[in-house]
Engineer: 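Let me begin by handing over the structure; questions about it come next.
In what follows, chains carry the letters A, B, and so on, assigned in the order in which the sequence lines appear, proteins first and then strands, with residues in each chain numbered from 1. Given the structure is predicted, the values throughout are model-derived calculations rather than measurements.
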Number of protein chains: 2
Amino acid sequence: MIQTDLIKGSLKTVVLKLLQENGRMYGYEITRRVEELTSGRIKLTYGALYPVLHKLENEGVLVTESENFNNRIRIYYSLTDKGHSVVAEKIEEMKIFIESLQNIINPQPRLTNA
Amino acid sequence: MIQTDLIKGSLKTVVLKLLQENGRMYGYEITRRVEELTSGRIKLTYGALYPVLHKLENEGVLVTESENFNNRIRIYYSLTDKGHSVVAEKIEEMKIFIESLQNIINPQPRLTNA
DNA sequence: TTGCAATATATAATCTTCTTATATATTTAA
DNA sequence: TTAAATATATAAGAAGATTATATATTGCAA
């Protein structure tokens with residue numbers, strides 16, 4: 001990740017959202033897409049990404065298919081049925097979280113009852 | 001913290017922002033204010049909050065004044081000059097981070113050039 | 001033809017950060 | 001008199017990230 005510790009905790013949701021959006025993706029592609037969507041501001045590290053992908057697979061949220069492309073292995077990840085409902089929940093959580101942060105960052109001026 | 005792992009990494013920024021907004025605050029007050037601003041969605045834990053406050057003090061970002069209120073010690077924290085510029089940076093980072101997350105959560109449909 | 005950048009996945013060691021549990025102590029309301 | 005609210009603090013452990021390292025192919029430039 002780049003320049004900020006803020007991303008901690010949101011990686012899983014980000015990955016799941018991209019898979020929901022794109023059907024299936026391989027690890028390298030996911031990091032590319034995140035850079036693209038964030039104008040290079042967020043760069044996923046593989047040391048974080050692959051363990052997360054493996055964990056989600058073990059939890060039955062993702063399934064994999066290996067394919068050969070130009071003699072390079074690509075491991076495609078896609079959501080299971082369970083995965084689809086998990087994404088929906090995670091996205092809701094994230095929206096509420098973002099709202100909460102915004103209430104802190106741009107607070108309504110307090111009424112002078114204090 | 002409540003119900004979501006999303007908050008990881010943003011605690012420091014949240015604390016600093018509140019101090020910028022309110023002049024000086026004590027630990028307990030900070031947790032109250034965060035609950036208030038987020039409608040109870042984010043509850044800071046003291047096990048996370050106090051170590052962060054102490055760390056920020058050691059870094060010269062905060063200073064403390066102890067006061068006695070109803071036989072209870074209150075330790076007020078406020079920003080140093082350095083602290084004020086640190087908040088400004090952190091807030092900028094957080095705004096960009098939130099923007100980035102929103103680009104991922106609500107992506108513009110991709111033009112079919114891929 | 002050699003070497004570097006890009007493509008592609010993976011794991012171990014380490015660090016940071018958070019949660020949970022525990023401790024202490026006063027005031028206030030039931 | 002007892003529990004909830006107020007107030008701070010730290011240790012142990014878990015979770016999640018970074019950094020470093022490993023391996024291997026393709027394609028482009030020098």
Side-chain angles (χ1 to χ4, degrees), chain A residues 1-16 24-36 40-59 62 64-77 90 93-94 97 114, chain B residues 1-16 24-36 40-59 61-62 64-77 90 93-94 97 101 114:
Chain A
M1 308 277 200
I2 209 171
Q3 39 121 324
T4 163
D5 329 275
L6 293 170
I7 303 95
K8 319 216 176 209
S10 56
L11 176 57
K12 197 179 284 186
T13 304
V14 165
V15 167
L16 291 173
R24 66 172 206 172
M25 301 177 87
Y26 52 100
Y28 188 76
E29 187 185 10
I30 291 173
T31 68
R32 286 280 98 121
R33 186 75 180 123
V34 169
E35 281 184 55
E36 197 186 326
R41 292 198 191 91
I42 299 180
K43 288 184 207 284
L44 305 187
T45 61
Y46 302 113
L49 178 63
Y50 287 113
V52 162
L53 288 170
H54 300 331
K55 202 186 166 200
L56 289 171
E57 192 186 359
N58 287 333
E59 290 170 358
L62 302 180
T64 60
E65 332 159 55
S66 292
E67 278 181 30
N68 223 292
F69 182 80
N70 271 356
N71 278 329
R72 283 196 209 92
I73 291 168
R74 278 185 182 172
I75 301 176
Y76 283 96
Y77 296 86
K90 289 273 180 195
E93 266 183 34
M94 182 171 275
F97 171 61
Chain B
M1 309 277 199
I2 210 169
Q3 39 123 323
T4 162
D5 326 277
L6 292 169
I7 302 95
K8 318 214 177 213
S10 56
L11 176 57
K12 198 177 284 186
T13 305
V14 165
V15 167
L16 291 173
R24 66 172 206 171
M25 300 178 87
Y26 51 101
Y28 188 76
E29 187 186 9
I30 292 173
T31 68
R32 286 280 98 120
R33 186 78 181 121
V34 168
E35 282 184 55
E36 197 187 327
R41 291 197 191 91
I42 300 181
K43 288 184 207 287
L44 305 187
T45 61
Y46 301 114
L49 177 62
Y50 287 112
V52 162
L53 288 171
H54 299 332
K55 203 185 165 200
L56 290 171
E57 191 187 0
N58 287 333
E59 290 170 358
V61 174
L62 302 181
T64 59
E65 331 159 57
S66 293
E67 279 182 30
N68 224 291
F69 183 79
N70 271 357
N71 278 329
R72 282 195 211 92
I73 292 168
R74 278 184 184 171
I75 301 177
Y76 282 96
Y77 296 86
K90 289 274 179 193
E93 268 184 31
M94 183 171 274
F97 171 62
L101 281 188

Engineer: Please determine whether a side-chain nitrogen or oxygen atom of A/Y50 lies at a distance below 4.0 Å from atom OP1 or OP2 of C/dA10.
Structural biologist: no
Engineer: Once you round it to whole Å, what is the distance between C1' of C/dC18 and NZ of B/K43?
Structural biologist: 17 Å
Engineer: Can you measure A/L44 atom CG to D/dT18 atom C1' for me and round it to whole angstrom units?
Structural biologist: 13 Å
Engineer: Pair B/E93, B/T13 - check side-chain contact (heavy atoms from CB on, under 4.5 Å), show working.
Structural biologist: CA-CA 9 Å; B/E93 268 184 31; B/T13 305; 5.9 Å; no
Engineer: What's the closest nucleotide to the A/Y28 side chain, out of C/dC18, C/dA8, D/dA7?
Structural biologist: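 Of the options given, the side chain of A/Y28 lies nearest C/dA8.
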Engineer: Starting at atom CD1 of B/I75, determine the distance to atom P of C/dT26, rounded to an integer number of angstrom.
Structural biologist: 16 Å
Engineer: Go through the structure and list residues passing salt bridge (charged side-chain N to carboxylate O under 4.0 Å, His left out) with A/E59, not counting sequence neighbours.
Structural biologist: A/K55
Engineer: Across the strands shown, which category fits A/G27 at heavy-atom distances under 4.0 angstrom: base, sugar-phosphate, nothing?
Structural biologist: sugar-phosphate
Engineer: Taking B/R32 as the fixed residue, which of B/E36, B/E29, B/E35 is the one that meets the salt bridge (charged side-chain N to carboxylate O under 4.0 Å, His left out) rule?
Structural biologist: B/E35
Engineer: For a quick test of reading the model: is some side-chain N or O of A/T45 closer than 4.0 Å to OP1 or OP2 of D/dT18?
Structural biologist: yes
Engineer: Without decimals, in angstroms, what is the distance between A/I30 CD1 and C/dT7 P?
Structural biologist: 15 Å
Engineer: Does OP1 or OP2 of D/dA7 have a side-chain N or O of B/Y26 closer than 4.0 Å?
Structural biologist: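 True: B/Y26 side-chain N/O within range (under 4.0 Å) of D/dA7 OP1/OP2.
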Engineer: Could you note down all residue pairs passing salt bridge (charged side-chain N to carboxylate O under 4.0 Å, His left out) where residues 64-74 of chain B supplies at least one of them, sequence neighbours left out?
Structural biologist: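 Every salt bridge (charged side-chain N to carboxylate O under 4.0 Å, His left out) pair that includes a residue of residues 64-74 of chain B, provided the two are not neighbours, is B/R24-B/E65, B/R24-B/E67.
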Engineer: Within less than 4.0 Å of OP1 or OP2 of D/dT10, is there a side-chain N or O belonging to B/H54?
Structural biologist: yes
Engineer: Separation of A/Y46 atom OH from C/dA12 atom C1', in whole Å?
Structural biologist: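 Atom OH in A/Y46 sits about 19 Å away from atom C1' in C/dA12.
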Engineer: Ignoring backbone atoms, test whether B/R32 places a side-chain nitrogen or oxygen under 4.0 Å from the OP1 or OP2 oxygen of D/dT6.
Structural biologist: yes
Engineer: Round to a whole Å and report the spacing from CD of B/E57 to C1' of D/dA9.
Structural biologist: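 Spelled out: CD on B/E57 to C1' on D/dA9 is 13 Å.
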Engineer: For the pair made of CD1 in B/I73 and C1' in C/dA23, what is the distance, rounded to whole Å?
Structural biologist: 15 Å
Engineer: Quick one: list whatever passes ring-ring contact (aromatic ring centres under 6.0 Å, His included) with A/Y28, sequence neighbours left out.
Structural biologist: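 Partners of A/Y28 under the ring-ring contact (aromatic ring centres under 6.0 Å, His included) test: none.
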Engineer: Hey, does A/F97 have a side-chain heavy atom less than 4.5 Å from the side chain of B/S10?
Structural biologist: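 The answer is yes, as the side chains (C-beta and beyond) meet within the 4.5 Å cut-off.
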Engineer: Do any N or O atoms of the protein come closer than 3.5 Å to N or O atoms of nucleotides 24-26 of chain D, and which pairs are they?
Structural biologist:
| unit_1 | atom_1 | unit_2 | atom_2 | d |
| --- | --- | --- | --- | --- |
| D/dT25 | O2 | A/R72 | NE | 3.1 |
| D/dT25 | O2 | A/R72 | NH2 | 3.1 |
| D/dT26 | OP1 | A/N71 | ND2 | 2.6 |
| D/dT26 | O4' | A/R72 | NH2 | 2.9 |

Engineer: Got B/L62 and B/L16 here, is their nearest side-chain heavy-atom distance under 4.5 Å?
Structural biologist: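 Side-chain contact under 4.5 Å: yes.
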Engineer: Between D/dT10 atom P and B/L49 atom CG, what is the distance in whole Å?
Structural biologist: 12 Å
Engineer: Would you mind classifying the nucleic acid contact of B/K55 as base, sugar-phosphate or nothing, using non-hydrogen atoms under 4.0 angstrom?
Structural biologist: sugar-phosphate
